[in-house]
There are 2 protein chains.
Amino acid sequence: MDDAVNERRGPDTDAAKLSRATVRRLSQYLRSLGSSDRAGGTVSSLDLARSVGVSAAQVRRDLAALGHLGQRGIGYDAAALATAIRRTLGIDRTWRAVLVGVGNLARALLRYRGFHDQGFFIVGLFDADPAKIGQTIDGLTVESSASIPIRVAELQAELGILTVPSEHAQPVAESLIAGGVKGILNFAPVLLRTPDRVRVVAVDLAIQLEQLAFRVQHADPGPDL
Amino acid sequence: MDDAVNERRGPDTDAAKLSRATVRRLSQYLRSLGSSDRAGGTVSSLDLARSVGVSAAQVRRDLAALGHLGQRGIGYDAAALATAIRRTLGIDRTWRAVLVGVGNLARALLRYRGFHDQGFFIVGLFDADPAKIGQTIDGLTVESSASIPIRVAELQAELGILTVPSEHAQPVAESLIAGGVKGILNFAPVLLRTPDRVRVVAVDLAIQLEQLAFRVQHADPGPDL
DNA sequence: CGTTGTGAACTCATTCACAGCT
DNA sequence: AGCTGTGAATGAGTTCACAACG
């Protein structure tokens with residue numbers, strides 16, 4: 001652990017080893033850095049800890065994993081830290097994504113500023129409903145789900161966002177994979193079976209509400225978020 | 001650990017002790033039980049494990065925490081298990097929620113079947129935009145955000161769902177709390193400061209996409225979901 | 001048999017506490 | 001003085017492996 005990390009694009013500080021939880025917090029630190037645009041240019045682990053709701057030791061442990069970014073006695077350079085986190089997360093570039101299932105949720109995601117702010121661009125829209133095909137939303141024309149494999153490849157999309165009803169999720173996922181996507185953000189409450197090379201992140205909104213109900217019910221203490 | 005658990009509404013098997021992770025999985029087991037309505041009436045830990053994407057030992061450990069629900073050599077009675085999970089999660093009753101910030105995301109949540117299926121009812125809609133106030137959506141009239149404290153109390157809502165821009169999240173949360181909500185589902189990417197008695201669950205959609213980017217970038221192995 | 005429930009081992013994650021640099 | 005980086009201690013969560021039971 002004593003490797004002088006001088007290269008700007010070096011051996012990546014072994015980012016693949018970061019825990020799931022650490023990676024999630026990195027996103028949060030990044031959000032905090034972006035919003036409270038500190039003129040001074042430096043943040044302390046305690047600053048970040050407070051704005052994200054974790055301990056300062058946790059922040060230091062997380063950031064130490066990215067390399068030697070802090071200055072003892074001073075703190076972290078906000079801009080450099082943001083850059084390092086972006087690089088680690090893999091969002092120091094743009095990602096092209098397609099969205100399948102054009103309902104209200106899809107519309108919400110399309111307009112969600114947080115996405116293009118972080119370099120995610122929706123480049124294609126698909127739906128199985130003939131009534132929706134051909135409609136234009138935010139400059140994109142809704143195409144038939146049948147054309148997903150070909151069009152995803154043409155559009156060079158690496159990510160797919162699934163906002164279709166549960167029963168269509170698996171087949172649509174398969175056509176996205178046939179088109180070459182490497183990752184799927186799945187809003188349908190089902191487990192997708194995918195090849196190992198394709199990563200899936202699931203967001204189940206009903207589950208979130210159930211978690212909330214549980215905690216209210218039992219007045220569970222512990223950190224928010 | 002030998003207490004005969006005979007009462008139907010007994011000491012609740014100390015549900016408050018369940019870990020965050022266990023509670024999340026309980027929701028998933030419940031989802032799986034609901035969809036694959038097994039006629040036979042029994043499920044094994046392996047069945048559940050496969051449909052949710054965890055190990056069978058994990059399932060047994062989780063379910064054992066709810067009491068002695070399984071029959072050795074047989075499995076779990078699906079209906080009884082679903083009932084026990086619902087009771088533990090606190091969704092063996094209905095919950096009244098209000099929604100603040102009437103954008104596309106709110107519309108998506110309003111129509112989301114998963115919510116009323118699990119006993120969550122949206123009973124009020126609020127927005128700060130005068131152009132939206134007075135509109136009717138799904139039988140609910142959008143009211144002014146200014147009226148939140150009074151109206152939330154009148155409506156007897158226990159939960160609030162926040163789909164407002166980040167900068168309004170904190171003040172709106174405070175007015176919800178003034179109205180008496182005990183839990184908030186927050187879609188704004190900021191940490192809410194709330195009294196200890198008010199529970200918060202945060203859902204940050206941009207963070208989910210960033211997690212996906214990270215995993216695709218590093219071809220991270222490990223379980224999906 | 002088949003399947004649960006669970007002690008014990010193990011792995012992963014967080015906090016403590018302080019040496020080390022600025 | 002202030003704040004990071006990190007070994008050591010602790011705690012949480014998961015898997016192993018098997019006895020217990022229908």
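Here the structure is a predicted model, which is why all the values come from computation and not from measurement. So you know, we letter chains A, B, ... as the sequences are listed, proteins then strands, and number each from 1.
Listed pair B:S55 / D:dT15 meets the phosphate criterion, a side-chain N or O lying under 4.0 Å from OP1 or OP2. Dashed line: the shortest gap from a side-chain N or O of B:Y76 to OP1 or OP2 of C:dG2 is not under 4.0 Å. Between A:S44 and D:dC3 there is no side-chain polar atom (N or O) within less than 4.0 angstrom of OP1 or OP2. Dashed line: the shortest gap from a side-chain N or O of B:S45 to OP1 or OP2 of C:dT3 is not under 4.0 Å.
At whole-Å resolution of the value, CG in B:L48 and P in C:dT3 are 13 Å apart. What separates CG of A:L69 from P of C:dC21 is a distance of 18 Å, to the nearest Å. With rounding to whole Å, A:H68 atom NE2 is found 10 Å from D:dT6 atom C1'. One interatomic measurement links the two molecules: CG of B:D62 to P of D:dT14, which rounds to 7 Å at whole-angstrom precision. At whole-Å resolution of the value, CG in B:L18 and C1' in D:dT14 are 16 Å apart. Taking atom CG of residue B:D47 and atom P of nucleotide C:dG2, one finds them 14 Å apart after rounding to whole Å. What separates NZ of B:K17 from P of D:dG11 is a distance of 15 Å, to the nearest Å. Atoms CG (B:L26) and C1' (D:dG13) sit 14 Å apart, rounded to a whole Å.
Judged by distance alone, the side chains of A:D62 and A:T22 do bring a donor and an acceptor atom under 3.5 Å apart.
The only option from A:R24, A:R31, A:R86 that meets the side chain to side chain donor-acceptor pair (under 3.5 Å) definition with B:E210 turns out to be A:R31. Test A:V100, A:L99, A:N186 against A:T163 for side chain to side chain contact (heavy atoms under 4.5 Å, CB included) and you get one pass: A:L99.
DNA chain D is contacted by both B:R60 and B:Q71; B:R60 maps to the nucleotide lying nearer its 5′ end (nearest heavy atom per residue). Where A:Q58 and B:L46 each meet DNA chain C at their nearest nucleotide, the meeting point lying more 5' is that of B:L46.
Residue B:R61 places a side-chain atom within donor-acceptor reach of the base of C:dG7, judged by atom type and a 3.5 Å distance cut-off alone. Remark: the A:R72 side chain and the D:dT4 base include a donor-acceptor N/O pair separated by less than 3.5 Å.
Nucleic acid contact for A:L63: none, since no nucleic acid atom lies under 4.0 Å from a heavy atom of the residue. Residue-level contact check: A:T22 touches neither bases nor backbone, having no heavy atom under 4.0 Å from any strand.
Taking the six-membered ring for Trp and thresholds of 30 and 60 degrees, B:W95 and B:F120 have nearly parallel ring planes, at less than 30 degrees apart.
Picking from C:dC16, D:dT14, D:dT15 the nucleotide with the shortest atom distance to the side chain of B:R25 gives D:dT14.
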Trace of the salt bridge (charged side-chain N to carboxylate O under 4.0 Å, His left out) decision for B:R93 with B:E158 | CA-CA 13 Å; B:R93 61 168 186 104; B:E158 290 172 281; 3.3 Å; yes

